[in-house]
Novice: 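Have a look at this one before I ask anything.
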Amino acid sequence: MAAHRKSAHRKPKQRPFTGPAARTAATLALAGAATATSATGAGAAPAEPAPTAAQVRAKVDRLYHDAEVATEKYNGAKEKEAAATKAVDALADEAARRTDRLNTARHTLGSMATAQYRTGTLDPALQLALSSDPDSYLERAAHLDRAGDRQASLLSNIRRQLSGIARVKARADQETEALAARRAELDKHRTAIRTKLADARTLLATLTAAERAAYERAADAAHGGGPAASADGSTVRPDRAVTGAHADRSAPRASVAAPNSRAARAVSFAHGAIGKPYVWGATGPNAFDCSGLTQAAWKAAGVSLPRTTYTQINAGQRVSRSELAPGDLVFFYSGISHVGLYIGGGQMIHAPRPGAPVRIAPISQMPFAGATRVA
């Protein structure tokens with residue numbers, strides 16, 4: 001009887017769902033779980049806060065620096081692209097000249113063949129037997145032998161010319177492939193520059209007018225418009241003999257004399273460029289990037305410099321920071337991505353970045369990487 005009561009209160013056994021019922025139950029369960037997870041996540045992961053003005057400024061500065069690195073790579077690629085274009089053009093001219101000479105040789109050979117066809121010749125032994133003047137015949141035969149030698153020489157020359165043209169065309173094909181690679185590299189760096197500058201403009205647009213004005217004032221101070229922080233955190237005040245970010249072409253010169261006339265001309269040119277805009281890839285006369293300015297300044301002094309920062313640093317004698325003299329090239333960052341022209345008193349003239357024109361600035365504003373004396 002007790003066993004019967006226990007059996008009567010036992011919970012009935014649930015049968016598992018099968019077929020369509022099982023699939024419907026699983027779908028409802030998953031949907032419920034997803035809804036619960038979504039609700040939990042929405043509460044646990046609030047929207048990421050907008051970056052502060054200081055964070056925006058730091059990102060913009062980094063983008064400008066990255067754009068300058070890409071600019072120097074662009075300048076190097078453009079130089080190589082120009083050299084490859086020149087090589088392709090020279091090979092095309094050489095192939096044309098060789099083809100003209102080949103056509104002349106072929107015309108001469110064709111004329112000789114036509115003449116022989118028209119006159120015809122008898123077997124030499126028969127001609128001698130029929131000749132009434134054997135001496136005259138032998139003289140004519142000698143002329144024919146010499147003509148045959150000339151023809152053989154002409155044929156040999158044509159073969160050499162054909163081989164030479166084939167070699168020139170093969171070299172032209174290689175240079176054309178190299179040119180295509182240089183142009184692709186150029187496009188890559190151009191795209192990188194434009195992308196980084198566009199990103200910088202987008203970030204600056206998120207600042208209020210007051211924040212943006214503060215950023216520009218800070219950038220001016222860092223690039224020569226006022227006191228700039230040095231590597232140890234102290235301030236470096238520009239020398240009183242020079243002016244800062246808004247200097248014009250009438251700005252007073254630094255009191256330190258250049259070591260020679262060429263350096264003086266380079267420094268004078270750089271002073272004349274103060275206030276002109278920074279444009280990436282520009283070498284003057286109306287706009288410059290950093291290496292374009294130093295190249296143009298020394299060109300005015302009669303010295304040809306390479307195009308990029310990382311090649312300009314090897315264009316003269318290395319000097320230490322303590323040995324700097326006006327006209328020396330001063331380089332910054334570990335990748336040698338920025339250059340200025342030293343003018344004495346711890347100052348340089350340089351093209352800083354987009355939006356910041358050519359100006360005088362302390363060399364302490366950026367990580368110093370080395371210096372070169374051109375002349």
Side-chain angles (χ1 to χ4, degrees), residues 57-79 189-190 192-193 196-197 200 218-225 228-231 236 238 242 244-245 247 266-267 269-270 273-284 287-298 305-316 318-321 324 326-343 346-374:
R57 290 195 297 267
K59 289 180 180 179
V60 169
D61 286 342
R62 187 165 57 251
L63 285 166
Y64 278 144
H65 176 258
D66 291 346
E68 187 166 47
V69 172
T71 294
E72 290 306 308
K73 290 180 180 179
Y74 169 87
N75 291 337
K78 189 168 182 62
E79 202 171 37
H189 295 313
R190 183 188 290 112
I193 295 166
K196 292 180 187 301
L197 293 181
D220 281 349
H223 289 280
S230 65
V236 179
V242 296
V267 170
F269 179 95
I274 289 174
K276 293 187 177 182
Y278 177 104
V279 174
W280 60 269
T283 58
F288 302 90
D289 62 20
C290 69
S291 57
L293 174 63
T294 50
Q295 185 187 50
W298 272 102
L305 287 184
R307 178 62 182 94
T308 64
T309 52
Y310 48 85
T311 52
Q312 287 183 7
I313 196 171
N314 297 316
R318 296 287 185 93
V319 294
S320 68
R321 187 167 180 167
L324 287 173
D328 290 347
L329 304 177
V330 283
F331 299 89
F332 304 91
Y333 300 103
S334 59
I336 318 297
S337 58
H338 191 76
V339 63
L341 189 77
Y342 190 69
I343 59 173
Q347 307 292 311
M348 65 177 172
I349 296 176
H350 73 145
R353 59 171 177 79
V358 175
R359 60 183 60 175
I360 295 171
I363 64 172
S364 301
Q365 70 178 29
M366 291 178 288
F368 187 81
T372 293
R373 182 158 299 155
V374 178

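Fair warning: this is a prediction, and the values are worked out from it, not measured in the lab.
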Novice: Starting at CG of Asn314, measure out to CD1 of Ile336 and round the result to the nearest 0.5 Å.
Specialist: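 The CG atom of Asn314 sits 9.0 Å away from the CD1 atom of Ile336.
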Novice: First locate atom OH of Tyr310, then atom CD of Glu72, and finally report the distance between them rounded to the nearest 0.5 Å.
Specialist: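 Rounded to the nearest 0.5 Å, the OH-CD separation comes out at 7.0 Å.
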Novice: Give me the atom names and distance for the closest heavy-atom approach of Cys290 to Thr309.
Specialist: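 Nearest heavy atoms, Cys290 then Thr309: SG-CG2, 3.9 Å.
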Novice: At their closest point, which heavy atom of Gly76 faces which heavy atom of Thr308, and how far apart are they?
Specialist: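 Result for this residue pair: N-CG2, 3.3 Å.
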Novice: Can you confirm whether or not the ring centre of Phe331 sits under 6.0 Å from the ring centre of His338?
Specialist: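 No, ring centres 6.0 Å or more apart.
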Novice: Check whether any side-chain heavy atom of Met348 lies under 4.5 Å from a side-chain heavy atom of Met366, and answer yes or no.
Specialist: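 In short, these two side chains touch, coming nearer than 4.5 Å.
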Novice: What are the two closest heavy atoms between Ala297 and Leu341, and how far apart are they?
Specialist: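 That closest heavy-atom pairing would be CB-CD2, 4.3 Å.
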Novice: Between Ile313 and Leu329, is a side-chain contact (heavy atoms from CB on, under 4.5 Å) present by the stated rule, with each step listed?
Specialist: CA-CA 7 Å; Ile313 196 171; Leu329 304 177; over 6 Å; no
Novice: Show your working on salt bridge (Lys or Arg N to Asp or Glu O under 4.0 Å) between Asp66 and Lys59 and close with a plain yes or no.
Specialist: CA-CA 10 Å; Asp66 291 346; Lys59 289 180 180 179; over 6 Å; no
Novice: For Glu68, is there any backbone N or O sitting under 3.5 Å from a side-chain donor or acceptor partner on Tyr64?
Specialist: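 No, Tyr64 side chain to Glu68 backbone: no donor-acceptor pair under 3.5 Å.
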Novice: Would you say Gln295's side chain and Leu305's backbone share a donor-acceptor pair under 3.5 angstrom?
Specialist: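 Checked: pair present.
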Novice: I need the Lys73 NZ to Ser337 OG distance, nearest 0.5 Å.
Specialist: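 With rounding to 0.5 Å, NZ (Lys73) is 10.0 Å from OG (Ser337).
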Novice: Using side-chain contact (heavy atoms from CB on, under 4.5 Å), reason through Leu293 and Ile349 one step at a time and then give a plain yes or no.
Specialist: CA-CA 9 Å; Leu293 174 63; Ile349 296 176; 4.2 Å; yes
Novice: Answer yes or no: is there a side-chain heavy-atom contact under 4.5 Å between Val330 and Leu324?
Specialist: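 Sidechains of Leu324 and Val330: in contact.
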Novice: Would you say Tyr333 and Val69 make side-chain contact, with heavy atoms under 4.5 Å?
Specialist: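 No, every pair of side-chain atoms sits at 4.5 Å or beyond.
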Novice: For the side chain of Trp280 and the backbone of Arg353, is there at least one donor-acceptor N/O pair under 3.5 Å apart?
Specialist: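 No; judged by distance alone, with no hydrogens or angles, the pair does not exist.
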Novice: To check you understand the geometry: which heavy-atom pair defines the closest contact between Thr283 and Ala296, and what is its length?
Specialist: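 Thr283 and Ala296 have their closest heavy atoms at O-CB, 3.7 Å.
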Novice: May I ask you to test the Phe288-Val358 pair for a side-chain heavy-atom distance under 4.5 Å?
Specialist: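 They are in side-chain contact.
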Novice: Roughly how far apart are Lys196 NZ and Arg62 CZ, rounded to 0.5 Å?
Specialist: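 Lys196 atom NZ to Arg62 atom CZ measures 10.0 Å (nearest 0.5 Å).
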Novice: Just do the side-chain contact (heavy atoms from CB on, under 4.5 Å) check on His189 and Asn75 with the steps written out, would you?
Specialist: CA-CA 9 Å; His189 295 313; Asn75 291 337; over 6 Å; no
Novice: When rounded to the nearest 0.5 angstrom, what distance separates CD1 in Ile343 from NE2 in His350?
Specialist: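 Interatomic distance, Ile343 CD1 to His350 NE2, rounded to 0.5 Å: 10.5 Å.
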Novice: Answer whether the closest heavy-atom distance between the side chains of Val339 and Phe332 falls below 4.5 Å.
Specialist: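 Heavy-atom side-chain distance check fails, nothing below 4.5 Å.
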Novice: How many angstroms lie between CG in Asp289 and OH in Tyr278, if you round to the nearest 0.5 Å?
Specialist: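 Nearest 0.5 Å value for the CG-OH distance: 5.0 Å.
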Novice: Keeping the roles fixed (side chain from Arg359, backbone from Pro357), state whether a donor-acceptor pair exists under 3.5 Å.
Specialist: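 Looks like yes, one N/O pair under 3.5 Å.
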Novice: Side chains of Ser291 and Thr294: is there a donor and an acceptor less than 3.5 Å apart?
Specialist: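 No.
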Novice: Minimum heavy-atom separation for Val60 and Ala200, please, with both atom names.
Specialist: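 For Val60 and Ala200, the tightest heavy-atom pair comes out as CG2-O, 3.9 Å.
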Novice: Evaluate side-chain contact (heavy atoms from CB on, under 4.5 Å) for Thr372 paired with Gln312, printing each intermediate quantity in order.
Specialist: CA-CA 8 Å; Thr372 293; Gln312 287 183 7; over 6 Å; no
